[in-house]
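The figures here come from the full heavy-atom set of this structure, side chains too, leaving out hydrogens, waters and symmetry mates.
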Amino acid sequence: EIWCYDIQYPLQVLLRDGVIATVNNHEALCDLMLEGEIVNFIYPFNLLDGEGNAVEIASEYHYEITLWECETYDFRGDEAYLLYLGIEPFRRESCYKVKFPIELTAYPFDEEEGEQIIIKNMTQFKGHVLFGNYQKSEIVYPITLKYNQQGLEAEVRNLTHLMNLLEGCF
């Protein structure tokens, strides 16, 4: 599931080595994303809405706009998603880049205990945020962000600091 949509399988993806692979289920997709193997989806592909209707996704921009229209996703408490907002979705150019690796405490659905996850690169981070089986993820601070336009680096010490920096992106 991707927010309020399900992926219609099979799905083709572009791997890091330039090979186009066919993914037949959610588990295989998650494995590839978390290993940092997927570079991008092959467009077009279909998502399924809550009623099972196919929604064709023609481009990365269309994909991001379609996900933005989800009204059921609860962003509260998901610090990894907030960090992701300044990197990719709904923007033609990222506001900042994250200096990897970063550490997250990810909380699986229906569990109170979080598990520590080391995210080594952008592909792995995008896979975690978009496809991870977690209700929320907290950032283990500090992290370092590099602003694209100014080339400056900022050490982010807590969620309030992240949200203040994120406000400058929009």
Roughly how far apart are [X] [atom1] and [Y] [atom2], rounded to 0.5 Å?
X	Y	atom1	atom2	answer
Leu11	His26	CG	NE2	12.0 Å
Leu14	Glu37	CG	CD	11.0 Å
Ile102	Ser137	CD1	OG	9.5 Å
Tyr9	Leu48	OH	CG	10.0 Å
Phe125	Leu83	CZ	CG	4.0 Å
Leu15	Thr123	CG	OG1	11.0 Å

| said: Quick one: does any side-chain atom of His128 pair with a main-chain N or O of Gln124 as donor and acceptor, under 3.5 Å? | reply: no
Mind listing the closest non-hydrogen atom pair of [X] and [Y] along with its distance?
X	Y	value
Ala80	Ile139	N-CG1, 4.4 Å
Ile117	Ala106	CD1-CB, 3.5 Å
Tyr141	Val156	CD2-O, 3.5 Å

| message | Tell me whether Glu79 is salt-bridged to Lys136, with the criterion being a basic N under 4.0 Å from an acidic carboxylate O. | response | no
| query | Between Lys146 and Glu153, does at least one N-O distance fall below 4.0 Å, as a salt bridge requires? | reply | no
| task | Give the intermediate values and the outcome of side-chain contact (heavy atoms from CB on, under 4.5 Å) for residues Leu104 and Ile119. | result | CA-CA 7 Å; Leu104 302 175; Ile119 303 291; 3.8 Å; yes
| Counting only heavy atoms not in Gln116, do more than 12 sit closer than 6.0 Å to its CD atom? | yes
| Do Asn46 and Ile57 have side-chain heavy atoms sitting under 4.5 Å apart? | no
| said: Less than 4.5 Å apart, side chain to side chain, heavy atoms only: is that true for Asn24 and Thr22? | reply: yes
| Shared hydrophobic cluster, Val129 / Phe100 (ILVMFWY, side-chain heavy atoms < 4.5 Å) | yes
| Does Ile143 share a hydrophobic cluster with Leu159, counting links as ILVMFWY side-chain heavy atoms below 4.5 Å and allowing steps through other members? | yes
| message | Testing the 3.5 Å rule here: is there a donor-acceptor pair between the side chains of Gln12 and Tyr43? | response | no
| query | Between Tyr107 and Glu138, does any side-chain donor sit less than 3.5 Å from a side-chain acceptor? | reply | yes
